[in-house]
Amino acid sequence: MPCRDRYAWPVRIARFAAGGDPRYGVVELAEDGGRYPDTVSVLTGDPMAMTVKLTGERRELDAVRLLAPVIPRSKIVAAGRNYAVHAAEMGEEIPQTPLTFFKPNTSVIGPGEPIIYPAASREVSYEGELAVVIGRICKEVPVARVPEVIFGYTVANDVTARDLQRTDGQWARAKGYDTFCPLWPWITTHQQLDEVAALAIRTTLDGEQRQDGNTKDMIFTVPELVAYISSYTTLLPGDVILTGTPSGVGPMLPGQVVSVDIEGIGTLTNPVVSAAPDEAPNEAEQ
């Protein structure tokens, strides 16, 4: 299954478990109007590593455990301050070139898995973002050829220990804790660049809306980000690029639930839990 195949209906590649090792499949939702609503059709392997085909096996979606769609083989590359209003709310200048940083692959979790609030922090924030998944090995990709290297898109939460980000002077620890990169369980492979250039992004905390943005407000577009990042590092299949967050970021506490919704892709929901219950921050300490 080539990474940019097009079909007459939405194609969502999910990673899931059903009593064994993780597997990949094609998700069909009721809204698609197809013959097998709310099912996942199993694939023979990892579509980001090999050519795959349908096995003929089909599972009900509610009978499988949906996982993060990919554990990057090498890296997650994220863009900071890529929305002007977000840069302003953080008191920062708009970057003249993309401001990028790395998150380790150990930060990835899937939907429903807990975000662990580290004992070292007293200010952990949500950041809802569009994520780009790379589909082939590439380096120095021209903007015009970026569609050839994209496998698809998913939803991400670039969780950040904001106080550590301020005190450390660099972002590795603040962005790199285990569980600090929740990802939605499937990757949409049918969307064109012009579609993802205007998607609504909304984040809620305990059901209350905190972020309400749109990818059209990015300073650097998806093609520009991929071209820039590939100019200095080789991108591998399964690498994930986080494209920045709109305004409205803020703290979340153990016991709360955060959801990031991106139009046409899905809603990623994760609870927040304390790493050490007796050390959990409370609202009086915030």
Side-chain angles (χ1 to χ4, degrees), residues 1-18 22-70 110-112 128-136 146-157 182-203 213-216 218 221-223 226 237-243 259-269:
M1 179 177 290
C3 67
R4 302 306 292 171
D5 272 3
R6 301 296 178 189
Y7 298 85
W9 59 89
V11 178
R12 310 172 189 88
I13 306 298
R15 183 169 167 265
F16 68 94
R23 306 170 77 182
Y24 280 91
V26 179
V27 171
E28 181 179 324
L29 299 180
E31 65 197 53
D32 299 334
R35 295 177 58 191
Y36 305 103
D38 298 323
T39 63
V40 56
S41 298
V42 182
L43 295 171
T44 54
D46 180 347
M48 280 159 284
M50 63 188 74
T51 300
V52 298
K53 60 183 179 180
L54 295 169
T55 66
E57 180 183 359
R58 186 175 292 105
R59 300 287 188 109
E60 298 293 326
L61 265 181
D62 60 7
V64 304
R65 183 166 66 94
L66 293 169
L67 308 172
V70 63
E129 307 198 8
L130 173 70
V132 179
V133 182
I134 297 300
R136 61 183 63 179
V146 164
E148 300 174 26
V149 307
I150 293 176
F151 183 85
Y153 306 91
T154 192
V155 184
N157 187 346
L183 295 176
W184 179 237
W186 56 68
I187 303 164
T188 58
T189 65
H190 59 279
Q191 291 166 309
Q192 304 280 359
L193 281 171
D194 59 349
E195 296 176 72
V196 299
L199 297 179
I201 302 178
R202 299 183 178 92
T203 301
N214 195 292
T215 56
K216 68 183 180 183
M218 286 184 187
T221 65
V222 168
V226 174
D239 280 355
V240 174
I241 294 175
L242 307 186
T243 60
S259 295
V260 180
D261 176 82
I262 298 184
E263 177 185 5
I265 301 179
T267 304
L268 169 67
T269 299

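For the pair Thr215 (side chain) and Ala198 (backbone), a donor-acceptor distance under 3.5 Å is present. Here the side chain of Thr55 pairs a donor or acceptor atom with the backbone of Val42 at under 3.5 angstrom. The backbone N or O of Trp184 sits less than 3.5 Å from a side-chain atom of Thr154, completing a donor-acceptor pair. A donor-acceptor pair under 3.5 Å is formed between the side chain of Arg136 and the backbone N or O of Glu148. For the pair Glu28 (side chain) and Val40 (backbone), a donor-acceptor distance under 3.5 Å is absent.
Contacts of Arg15 classified as salt bridge (Lys or Arg N to Asp or Glu O under 4.0 Å), with partners at least two apart in sequence or in another chain: none. With sequence neighbours excluded, the residues satisfying side chain to side chain contact (heavy atoms under 4.5 Å, CB included) with Ala18 are Phe16, Arg59, Val64.
No side-chain heavy atom of Leu67 sits under 4.5 Å from any side-chain heavy atom of Tyr24. Inter-residue side-chain proximity for Met48 and Val70 is flagged as met; some heavy-atom pair is nearer than 4.5 Å. Considering only heavy atoms from C-beta on, Thr188 stays 4.5 Å or farther from Val196 through its side chain.
The structure places OH of Tyr36 at 15.0 Å from CG of Leu61, a figure rounded to the nearest 0.5 Å. Rounding to the nearest 0.5 Å places CE of Met50 at 7.5 Å from OG1 of Thr44. If you take NZ on Lys216 and CG on Asp194, they are separated by 14.5 Å, rounding to the nearest 0.5 Å. Atom OH of Tyr153 sits about 12.0 Å away from atom CD1 of Ile262, to the nearest 0.5 Å. Rounded to the nearest 0.5 angstrom, Ile241 CD1 and Asp239 CG are separated by 7.5 Å. In this structure, Ile265 CD1 and Glu195 CD are separated by 10.0 Å, a value rounded to the nearest 0.5 Å.
A side chain to side chain contact (heavy atoms under 4.5 Å, CB included) with Val155 is found for one member of Leu130, Val260, Asp261 and no other, namely Val260.
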Pair Glu263-Ile201, side-chain contact (heavy atoms from CB on, under 4.5 Å): steps then yes or no:
CA-CA 7 Å; Glu263 177 185 5; Ile201 302 178; over 6 Å; no
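Arg202 has no carboxylate O lying under 4.0 Å from a charged side-chain N of Glu129, or vice versa, which leaves the two without a salt bridge.
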